[in-house]
Amino acid sequence: MNLNNLQQVFKEIFPDATDPVIVQAPGRVNLIGEHTDYNDGFVLPMAINAHILLAGSVRNDSEVHIYSIDFQAKSTFNLKNFIFSQEAPWSNYIRGVCAMFLEFTELKGMNIVLQGDIPQGAGLSSSAALEVGTALLIRNLHGLNTDKIDLIKLAQRAENEFVGVQCGIMDQFISMLGKAGHALFLDCRSLDYQLVPAPFTEAKIMVVNSGVKRGLVDSEYNLRREQCQAAVEALKPLLPEITALRDVCLEHLPLIEQLPGELSKRARHVVTENQRVLDAVELFKAGNIEAFGRLMNESHASLRDDYQVSCPQLDILVELAQSVPGTFGSRMTGAGFGGCTVTLVHNSSVAKLTDVILNEYYQKTGIMPKIYPYSPSDGAKQLN
Ligand code: GLA
C-alpha cells in the first residue's frame, strides 16, 4: 500500500478533481479489557501499523463517488437522499458517517478513493478505521471544527445506527487517538484516557489470525450485551446504585454467584476483567511484563469459560503460544468467535513461537494461520 499509488489511482478515476486530501486511520489490537467497553468499563488497546488510506476532494454537486482499490468497485450516492447499500456493503461505513454529519451540518459532494491493509473480518477493526478515517476526511475537507472525541462518537453512531452493529466505543477511540509506542488506557464511561508507553524493549507483540471468520459474532455479541444488561437489572435490588456492570466490584462476587446460570458467568467475566485492566495498567507502567502476561492468560480463560466467546481454534492458538518458554501471555482479542489472538513474547522466543504456530496450528486445524508483527502506532491523521 503506498501513497503514490493512491494518488495515481485518484487521478485516473477522477481526472477533473482537485488534488485530494489524504488521511489514514489504523486498525487496533486490544491488549486487555475485552467486552468491557459497552459495560462502561476499562480497556487497554493499541493502534497497529496497518491502515485504511482515504484520498478525497469536494465536488460542486451533492454526489459522493467512492472507489475502493481493494474491491475494485465503485459506489455512488446522493447526499440529499441515500440508503444502506446491499450491493456495496463496504460503502455503508462511509454512508453512515455522512448520515451522522448531515444531522448537524451541510456537506458537499465528494470524490473518494480508498485502500487498506488491515486484514478484514479478522477482528482488527478495519470497519472502525474506515469510519474514523472518513470522519476525519470529511471534517478536514469541509473545514469543520468538530473535535476528535465528537468524531469518535459520530463514528461509533454510524456503526450502531446506520450499519446496525451494536459495538462499544473502544475501536473508534483507539483508531483516532492511538500513539506510536503507546497503548491507550480508556475509561469507557467518562472517556478519560491515558497514553501509556509500551515497555516492550525485550518483548514483542505477536498477532495471529486464526483464519476463522467471525461468523456468529453479530448475534452472539448482541446477546452478550443483553445478558449484561439483564445482570444489572437482577443485581439492582441488592445494589440499587449501579447503572452498569462497571459499578460492580470484586467484593460483590458472592452476589453475582446468586444470579441465574449464564448471567452469573457473564457478569463475573466483566467484573474480573475490569479489575484485570486496572491491575494490568499498573504493571505496564512498572514494566512488569511477566505479571502483565499472566493477566492476559487469565483474561483468555475468563473469555473462554465465563463469557464463552472463544472458539476451539482460538483456544488452540493460545495454548500453543502458552506452551513456548518465553511467552509472557496470550489471549483472544476483539469480539471473539474467530479472528485473532494477541501474544506477548520475549524477543528471543519469537522464532520458536512462529515455528510452533505455523506447524502445529496447521496440523491441528488444517488452517494456515497468519502472523502479524504489529507495533503500537499513531491514530488517524492527515498525511498531506
Ligand atoms: C468489538 C467491538 C468493541 C468491543 C469488542 C470486545 O471489537 O467493536 O466495541 O466491544 O468487540 O471487547
Side-chain angles (χ1 to χ4, degrees), residues 25-48 50 92-93 96 118-132 152-178 183-189 191 193 207 209-210 212-229 244-246 266-267 269-274 276-277 280 295-296 299-300 302-304 306-311 314 331-342:
R28 66 97 187 89
V29 61
N30 189 17
L31 298 178
I32 195 160
E34 217 66 81
H35 289 278
T36 46
D37 62 350
Y38 53 83
N39 288 299
D40 277 0
F42 306 106
V43 293
L44 185 70
M46 66 177 217
I48 56 176
N92 288 319
Y93 302 103
I118 307 170
Q120 288 174 18
L124 299 173
S125 292
S126 58
S127 31
L130 179 51
E131 290 150 5
V132 163
I152 290 167
K153 291 181 185 164
L154 180 155
Q156 184 200 11
R157 284 187 53 221
E159 176 119 11
N160 293 166
E161 295 170 29
F162 193 88
V163 180
V165 177
Q166 295 310 312
C167 64
I169 202 162
M170 167 171 71
D171 304 343
Q172 289 79 8
F173 207 98
I174 182 64
S175 182
M176 185 67 89
L177 290 171
L184 185 150
F185 170 46
L186 172 66
D187 176 337
C188 299
R189 171 174 279 168
L191 300 187
Y193 70 99
V207 176
N209 190 341
S210 67
V212 178
K213 293 267 175 190
R214 303 162 310 138
L216 282 170
V217 74
D218 288 352
S219 56
E220 290 291 330
Y221 187 91
N222 290 342
L223 179 60
R224 293 299 178 286
R225 288 195 71 142
E226 285 162 22
Q227 290 171 328
C228 289
Q229 199 46 47
L245 284 178
R246 146 72 175 273
R266 305 302 184 245
H269 165 71
V270 175
V271 171
T272 56
E273 184 80 350
N274 273 329
R276 278 189 288 273
V277 180
L295 291 178
M296 293 174 79
S299 169
H300 184 77
S302 178
L303 288 158
R304 180 192 60 210
D306 278 349
Y307 218 61
Q308 297 180 299
V309 291
S310 187
C311 66
L314 288 172
R331 57 184 288 276
M332 55 152 276
T333 183
F337 300 103
C340 292
T341 60
V342 56

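When a ligand or atom number is given, it counts from 1 through the structure's own listing order.
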ring-ring contact (aromatic ring centres under 6.0 Å, His included) partners for H35, two or more places apart:
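H35 satisfies ring-ring contact (aromatic ring centres under 6.0 Å, His included) with Y38, Y221, Y307 once adjacent residues are dropped.
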
Going by the side chain to side chain donor-acceptor pair (under 3.5 Å) test, which pairs reach into residues 158-167, not counting sequence neighbours?
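Found R157-E161.
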
Do D40 and R246 sit within salt-bridge range, that is, some charged N less than 4.0 Å from a carboxylate O?
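No, this pair does not count.
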
Using a distance-only test with no angle check, is there a side-chain donor-acceptor pair under 3.5 angstrom linking S299 and R331?
yes

List the atom of A25, the atom of A129, and the distance in Å for their closest heavy-atom pair.
CB-O, 3.3 Å

Per the under 4.0 Å non-hydrogen criterion, ligand 1 touches R28, E34, H35, D37, Y38, C167, G168, M170, D171, Y221, G334, A335

Using side-chain contact (heavy atoms from CB on, under 4.5 Å) as the criterion, list what pairs up with Q229, not counting sequence neighbours.
V232, E233

